[in-house]
Structure formats: C-alpha cells, structure tokens
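Data first, discussion second: the structure below is written as structure tokens.
Numbers restart at 1 for each chain; the letters A, B, ... are given by sequence-line order, proteins then strands.
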Amino acid sequence: MKQFSAFLLKEFRHMGRDWRTLLILVVMPVVMVLLFGYAITTEVTQTRTAVLDPTHDYLTRRITDRIAANPFFELTATCASAEEVDALFREGRIDLAVVFAPELASAKAADASAVVQLLIDGSEPNQAAVRQGYAMQVIQEELLTASVASGEPVTDVSAQIPLINVSTRMLYNPQGKSAYNFVPAVIGMILLLLCTLMSSISIVREKENGTMEVLLASPLSPAVIIAAKLVPYFVVGMVNLLSILCLAHFVMGVPVEGSLVAFLALSVLYIGVALALGLLISTLVSTQLAAMLLSMLMIVPTMYLSGLVFQLDAMPLPAQAVSTIIPARWFMDGARRLMIQGVEVRHLFTNFMVLGAELLVLFGLSVLLFKKRLE
Amino acid sequence: MNRDNIVIEAHGLTKRFGTFTATDHITLSVCEGEIFGFLGANGAGKTTAMRMLCGLSKPTAGTARVAGYDVATEAEKVKRNIGYMSQKFSLYDDLTVAENLRLFGGIYGMKRSEVKAKTRDVLVELDMVATLNQRVAALPLGWKQKLAFSLAVFHEPKIVFLDEPTGGVDPVTRRRFWELIYRAADRGVTVFVTTHYMDEAEYCDRVSIMVDGQIRALDTPARLKETYHAASMYDVFYALARTARRGE
C-alpha cells in the first residue's frame, strides 16, 4: 500500500509538471463541449433569402413580408431578374430564392403551372431539405389564408403543394437542439481520447526511458505498477465526465431525464474499457510515438462508426457489423437514451453487457501480453 | 571481499527464444563484496543472463540463486535484495532529485525518516547537496549517472546489477564513477557489472567473457592476461570475441 501510494504520488507529479498535457487534460474537454454545443450545430438558422417578384401584388408582398419577419429567414436581396438571382447564388450570398410567377395573383384554376418557385443551394443536402420544408410551409400557409379570405380555391397551388396539414411532433428533444444530441457523444469521444491515448503514452514512456526495467526489477508487482499507472487517468476521466456534465446541464440546459446513477455507472464502465484499451496498446508498442499513432488509429474509426457523425442505420451492413464492437457506440447510445430519452435502466442491458465483456477481454488480453514480455 | 559467502550462483543457466539460445548453460559464482565484470560483445547474451539473475526473466533451463533465493521461484525475494541500474540511467527527468530518491525509498518500503536521512547522506557523498530540489533534467550527464547508481543502492541491497552504467560519458567521469563502485564494494555490496570498456574490466576483481551465449573465460584480469599471453584486457577480449560465430 505504501509502495502504491509512493508510486501514485509520482504519477500525479508527472501530470502536474507537464503543463502541456495538463492543458489538454483540463481545457480540451471544455472547449470541445462548447464547440459542439454552440459553434458546430446542425440546426438551420439564418437562411439568406432573395425574392424575385415581378408582379408586386398584394399576395406576393404578404408572402415576402412573412419571410422577412420570420427569424428563420433573412431577406438579403430583392432581385429584378432571374440572372440576378443566379449571380447571387454563384457568389454564395444567398441560400434560398423565392421566385414568383408574374401571373400568381391572377392565376386561374385551369393554369396549373408553377406559380411559386423555390431555388435552394443544394450543396449541403441536409440543410437544403430543412430550408425547403420550412419555406414551403410559410408560403403554403399564406396562400391558404389568402384563398380563405377571397373565398376562391387555390387549386394552382395545391397542384404544386398538396394542402395536407402535416403536424410533426418531435419526441424527447422538442426544440430539436443539437447540443442535446452532441453532449453524450462528446463525453464518449473525450473519455476515449484521454483515457486511451494518455494512459498508453504514460506507460510506454516508462519503457522508452528505461525506467520500466528498473520498476520491474524492484519488488513492485506488475499489478501494482499497472494499477498506479491507470488510476490517475481514471481520476482525470471522472473529473472530465463530471465537469462536462455540469457544463452541459447547468450552462447549456441539457436534461438528465433518466437515472443519474445508471449514467455514472455506464460512464465508469466505459472509462474502464478505454483504460484497458490504452493498456493493451502499451503492451503492443515500445515508443511513445507508436502508442500515439496506434491510439489515433483506433480512435478515428470510432468517431465514424459510433454514430457520432453518421447515422448507423444508413451504413452498409459490414460497417454496421463493425460498429457493434466499438465501445463508444454502446456508451453514446446508452448515454443518449439515459440523458435525453430517460429510459429505464433495464432497457440498457445490452449496453452494459457489451461494455462489461469488452472490459474483461481487453484487460485479460493486456495482462496476458504484459506477462508474456516478462517470461 | 568475503570468499566464503557466495551471493550469486548460477548452474547451467539457459534461455532459449524459440530455436535461438541467447544464454547457453552459463555457470558462475560471485562472492560477497566482489566486483564482478560481465563482458561480452553485443548480442553475446549478457543482458539476457543479467535479466534472469535479476528475476526479470524466467530461465528455460538451469538454476540460479541470488542472495540465497532461487531466481525462478522466489523472484520477489530476489528483487527485494538487489539494486538495478539500466543503461539509460533510468531517472525521472521531470522529478527533482529529492523526489526521485523518495520514490525509490517508497517503492522499497523505507520509512519517511529513513529516506530523509539517507537522502542527505547520499547527496553529501556525491557532493550534490545543492541539487536537492532541482529537476533531474537540468543535471549534467555525469551527475545523473552518479545519482542513478545511488538510487540503485539507496535501499542498501546486498547486490547491485549495473547494465553498462558508463555508456556515453568521458574517461574522467567514468573514473569518478568507479570510485563510487569501489566505495560500495568496501561496504560489502556485491557489484555485478557489464561493460564495453576494457579499462573498466581491469578494475574488476574477476571478469567473465561471454561469446555466443557461453562463458569462454572466467578469472581475475591478471590471470586472464597470463593465460592468453596478452598485454591488456583488450587483447584478451579481442582474442575471444573474434571467435564469435553469431553476429550482432
């Protein structure tokens, strides 16, 4: 125990002495949460809109006013010709253009040609789809009001936009805030990055400096050495977990709908898996650079296959199959469901089981390899 | 030196890695307080043999007892009674001198007060009292090396294993380092040292020369020179080492 505490003290000293590492350990998680929460957002706002309105009648002006008043749109230009609209798109100054047909107000039932044309910058398909939907909704509502007021059917419009009143209700995240979705993902990513990368580097550094040899020649048992190397990163992981959680909850208002205890248990298990992975990497390589590269090599596919960036359901089957062994996937999925959906713990049985099994396998494998090196 | 008290004893100690025999049936015994030079070209199997004697690696065949304990079955007790210094000096650069000493004191289960007193003694002996709270990274190479040796004997082990301890330092610094070794031997510490420098071989009480995993010669430097009709240990070593069939 005394040996262990002497060794542990040294580990924390290493951490304290290296201000660059300390900066990464403490500041990076906060920066990442703020970035993902505020800067990198998938919500669509501030759609820069141009209007081409040759007729300037009552209806088109009503629609234009509605668009201008909507916080979702920003009316940036009123064009006089189609060429002007085209130029604005090419210069990247607008995302959306509303083009009214000259005969819109006087359109009759027989004339089924397009009366309102929406031009959307499709280089970002997801955003374009959201913008299209929203713009259509606004225009449709206005046309409907107009037709009710005048008592005329607006058949010309209904040919283009079916007048079905679709009411969507988003479950669990009614405001569609992307921060809600990102916080569990960022926690998963940061814990993996810190616990795996940092712990593997810290163990390999002892090998590279020749101090591991001296430690092994001392009465310290390998178990004590491994434990003392991993405990500090466990502490760092926990500190980060709690700081991100507080930041997310109290500053960004991300809810914790489900059991906090279950969430913490899932996180502890996940930190364990990340540390075991770091330990495994440290047994496979002998330089810090190699440890860093190998850690990165494991972390990058994790980002893509965990459901953080791309939707898992939409991936080809082999990729989906690979994703099932990725710890971050199970953590992020579980954390999301606990925090945002508020599901009961029994629904996360698979998540806990997979992470638990991975912890045992990774840890067992590294201890085996560690011992083999001593043989 | 106490010739009646054997502290390192190896019989047919062998280590194979697959089909490669790194250490091939080596037999030797070292007395208490002796300075034993363990020579051999690179790849001759010195490091492997030394790792087995330190309890870091299990022998494939043969036995060895160090400080009275079997290296294969009582490695833990062996480790408690030895000190080890590796080629890389193995200090923590980002810790201060005092912190390095305190760490190793703690690892070997020494009391706080004991560590404190010993730290002072060691630094006085090395004439490095002023460096107590300096980081090791800032020290000159020769000082680091002396400090690394003092760390290896900090817990007062019966035997200290030095793996090429003087690599990369100048002859004057090396000479000073050997004064430390002599002082330790005078206190009764057995020194088991590997080296590439033949002038250092002359400082040893006895030396063994390994070629292709086997010990080809083992005696005092004076008698070895006589046997091989050589003027210096360098000539003895060269005569034996050139018979090697195994490369680096």
Side-chain angles (χ1 to χ4, degrees), chain A residues 1-25 198 201-229 231-232 283 286-288 367-375, chain B residues 15-17 47 50-60 66 72 75-96 98-112 115 135-137 148 151-152 154-155 157 159-161 163-164 167:
Chain A
M1 200 57 220
K2 204 173 152 191
Q3 295 179 323
F4 182 72
S5 58
F7 200 90
L8 201 59
L9 182 66
K10 152 196 170 289
E11 289 304 318
F12 280 111
R13 280 217 174 97
H14 284 319
M15 231 181 240
R17 294 283 149 89
D18 187 359
W19 64 269
R20 284 189 208 90
T21 309
L22 206 63
L23 205 68
I24 293 175
L25 294 179
M198 294 295 177
I201 286 181
S202 128
I203 297 174
V204 172
R205 185 168 53 207
E206 301 257 4
K207 281 204 219 175
E208 211 173 282
N209 293 345
T211 43
M212 187 54 96
E213 203 73 358
V214 176
L215 293 176
L216 291 172
S218 80
L220 284 180
S221 75
V224 169
I225 298 177
I226 291 177
K229 294 293 311 180
V231 164
T283 60
S286 49
T287 64
Q288 291 177 68
V367 168
L368 218 67
L369 285 169
F370 197 87
K371 273 193 174 154
K372 200 173 172 209
R373 210 170 70 84
L374 295 180
E375 289 296 296
Chain B
K15 180 79 185 184
R16 282 187 211 100
F17 297 105
T47 302
M50 187 134 134
R51 286 175 58 90
M52 283 192 282
L53 292 176
C54 293
L56 284 176
S57 164
K58 287 213 163 65
T60 317
V66 172
E76 212 60 28
K77 284 175 180 156
V78 168
K79 289 177 184 176
R80 219 167 270 285
N81 285 286
I82 62 166
Y84 176 80
M85 177 179 166
S86 81
Q87 310 172 18
K88 295 176 185 162
F89 304 167
S90 19
L91 300 164
Y92 292 101
D93 272 353
D94 54 344
L95 301 185
T96 66
E99 284 163 354
N100 266 288
L101 290 167
R102 205 180 307 153
L103 167 67
F104 280 88
I107 286 176
Y108 284 91
M110 289 165 68
K111 286 201 196 76
R112 259 192 117 83
V115 170
R135 296 214 188 156
V136 168
L151 268 179
F154 195 65
H155 59 290
I159 306 152
V160 62
F161 288 88
D163 191 5
E164 292 176 22

- Item | Those residues that, when tested against B:Lys79, pass side-chain hydrogen bond (donor to acceptor under 3.5 Å, both in side chains) (two or more places apart) | none
- Task: Give the minimum heavy-atom separation between B:Tyr108 and A:Ala217, together with the two atoms involved.
- Result: OH-O, 4.0 Å
- Please name all residues satisfying side chain to side chain contact (heavy atoms under 4.5 Å, CB included) with B:Lys88, sequence neighbours left out, ordered by chain then number. B:Ser86
- Message: Please identify, among A:Gly210, A:Ser5, A:Ser221, the residue contributing the most non-hydrogen atom pairs under 4.5 Å to chain B.
- Response: A:Gly210
- Query: Any idea which heavy atoms bring A:Phe7 and B:Ile107 closest together, and the distance?
  - Reply: CD1-CD1, 4.1 Å
- Item | Reported CZ-to-OG1 distance for the pair A:Arg17 and B:Thr96, which is rounded to 0.5 angstrom | 6.0 Å
- With chain B, the option among A:Glu206, A:Glu213, A:Met212 that has the most non-hydrogen atom pairs under 4.5 Å is A:Glu213
- Query: What option among B:Arg135, B:His155, B:Gln87, B:Met85 has the most heavy-atom pairs under 4.5 Å with chain A?
  - Reply: B:Arg135
- Task: Find the distance between CD (A:Glu11) and OH (B:Tyr92) and round it off to the nearest 0.5 Å.
- Result: 7.0 Å
- Would you check, one step at a time, whether the test side chain to side chain contact (heavy atoms under 4.5 Å, CB included) holds for B:Leu95 with A:His14? CA-CA 7 Å; B:Leu95 301 185; A:His14 284 319; 4.1 Å; yes
- Message: I need the B:Asp94 CG to A:Met15 CE distance, nearest 0.5 Å.
- Response: 12.0 Å
- Message: With a sphere of 6.0 Å drawn around NZ of B:Lys77, does it hold more than 12 non-hydrogen atoms of other residues, nucleotides or ligands?
- Response: no
- Please state whether the side chain, the backbone, both or neither of B:Phe104 comes within less than 4.5 Å of a heavy atom of chain A. side chain
- Note on the structure: Assert top hit (heavy-atom pairs under 4.5 Å, partner chain B, pool A:Leu9, A:Leu220, A:Val224, A:Asp18) equals A:Leu220
- Query: Given that the side chain runs from C-beta out, which part of B:Met110 has a heavy atom under 4.5 Å from chain A: side chain, backbone, both or neither?
  - Reply: backbone
- Message: Need one label for B:Leu91: side chain, backbone, both or neither, based on atoms under 4.5 Å from any heavy atom in chain A.
- Response: backbone
- Task: Heavy atoms only: give me the nearest A:Lys10-B:Leu103 pair and the separation to one decimal.
- Result: CD-CD2, 3.3 Å
